[in-house]
Amino acid sequence: MNKVLIIGAGGVGTVVAHKCAQNSDVFNEIVIASRTKSKCDAIAKAIGKSNITTDQVDADHVDQLVALFKKHKPDIVINVALPYQDLTIMDACLECGVNYLDTANYEPIDEAHFEYSWQWAYRERFEKAGLTAILGCGFDPGVSGVFTAYAAKHHFGEMEYLDIVDCNAGNHGKAFATNFNPEINIREITQKGRYYENGKWIETEPQEIHQPLTYPNIGPRESYLLYHEELESLVINYPSIKRARFWMTFGQEYLTHLRVIQNIGMASIEPIMYEGREIVPIQFLKAVLPNPQELGTNYHGETSIGCRISGKDKEGKDLTYYIYNNCSHEESYKETGTQAVNYTTGVPAMIGAMMFLTGKWVTPGVHNVEEFDPDPFMEQLNKQGLPWHEEFNGDLEL
């Protein structure tokens, strides 16, 4: 009997729970836990399956996590809580002998900075414990790494240029809203950009580099260079890459709101005193912005996320390759009650756990997704609601 424990009951956790429940032949027992148990109960009620139980945990505290793991004895934990909590959950997994999977790398709560070094430092401990930890198994990071691994395995002798492109062409009708946790989203977007070229990391100002890119079934959208964590592992695991970049689309109205939020100090993570108590401005902003989990009701349009790669094919000839998925906000909402940004993160997290539980991705240690065989994962993407498409020798625009 396979048992999975999902930590986190936001939009992504909702999708993970729905998709695990749809694959009950693999996920025999499902536990959903978060700081607010009523959120877990609501997800379980919406799914309506008898093999789902719920519990309460504050993932900031290792002792609470250990008690939770000892109570439920899961085979693997799917961490879709906050990135701040990755290390406490990994510590509890080591103490209790539980395998681990997440969708975003660790980020300290008091610093707007993220990288894999903190989690990679756990490699030897997980290996010695005989436990597998799968890092960054959402869409980007996640599927973007699997797409790259698939391209390397089947099409390229040498990959030279990699551009990960992420477009959300949806419209939720709100003046300003983030598609996932506002605190994480705004911190990510307001950081300086960074890309890899010729063995070096080059830093840019936020939104300094941008250009229109054409997305399938969507058309041209202004796309902005950001730093994204999967670049860090991909350039290590594929050393032939000469340049690696990440691009994301934003509308002008969104960027205007974001600029105002920064200018008036509401994006700050530094605590301030207000009426005798300490508050963090960005956490207050999160409380007044629309809940990303509730955006799906009137969300129209679709996302398009993929990898544009150029280099040499297996015979040494020039090759350009574009592999991508488009996902409908409306269809995501019909299936899981939440929008496509959550869907495209939650489905791959479920598939990664499926890969582990079915014995296809089992390697003790701490690993990024591109280190595993991409083929069984790619097969499941087509079956689980995220079909992918390929274009060969087209104009990559980059």
Would you say that [X] contacts [Y] through its side chain, given a criterion of any heavy-atom pair below 4.5 Å between the two side chains?
X	Y	value
Tyr333	Gln339	no
Lys286	Ile282	no
Pro74	Val4	no
Lys153	Tyr150	no
Phe156	Tyr321	yes
Ile7	Ile89	yes

Is [X] salt-bridged to [Y], going by a charged N under 4.0 Å from an acidic O?
X	Y	answer
Lys37	Asp55	no
Glu335	Lys19	yes
Lys192	Glu205	yes
Arg123	Glu127	no
Lys360	Asp375	no

Taking only residues two or more places apart in sequence or in another chain, which ones pass salt bridge (charged side-chain N to carboxylate O under 4.0 Å, His left out) with Asp91? Arg125
Measure across Ala44 and Thr54 and return the closest heavy-atom pair with its distance rounded to 0.1 Å. CB-CG2, 3.9 Å
For the student: nearest non-hydrogen atoms of Asn168 and Gly170, plus distance: OD1-N, 2.9 Å
Is a side-chain donor or acceptor of Lys49 paired with a backbone partner of Ala21 at a separation under 3.5 angstrom? yes
Ring centers of Phe392, His155 separated by less than 6.0 Å: yes
Would you call the rings of Phe377 and Trp361 parallel, tilted or perpendicular if under 30° counts as parallel and over 60° as perpendicular? parallel
When the ring planes of Tyr299 and His329 are compared, do they come out parallel, tilted or perpendicular, using 30° and 60° as the limits? parallel
Say whether Val366 and Val62 are linked into one hydrophobic cluster, either directly or through other cluster members, by side-chain heavy-atom distances under 4.5 angstrom. no
If the condition is side chain to side chain donor-acceptor pair (under 3.5 Å), which residues does Trp247 pass it with, not counting sequence neighbours? Asp163
Would you say Lys128 has more than 12 foreign heavy atoms packed within less than 6.0 Å of its NZ? no
When Asn342 is tested against each of Thr338, Thr345, Thr344 for side-chain hydrogen bond (donor to acceptor under 3.5 Å, both in side chains), which residue passes? Thr338
If you group Ile, Leu, Val, Met, Phe, Trp and Tyr whenever their side-chain heavy atoms sit less than 4.5 Å apart, what else falls in with Met273? none
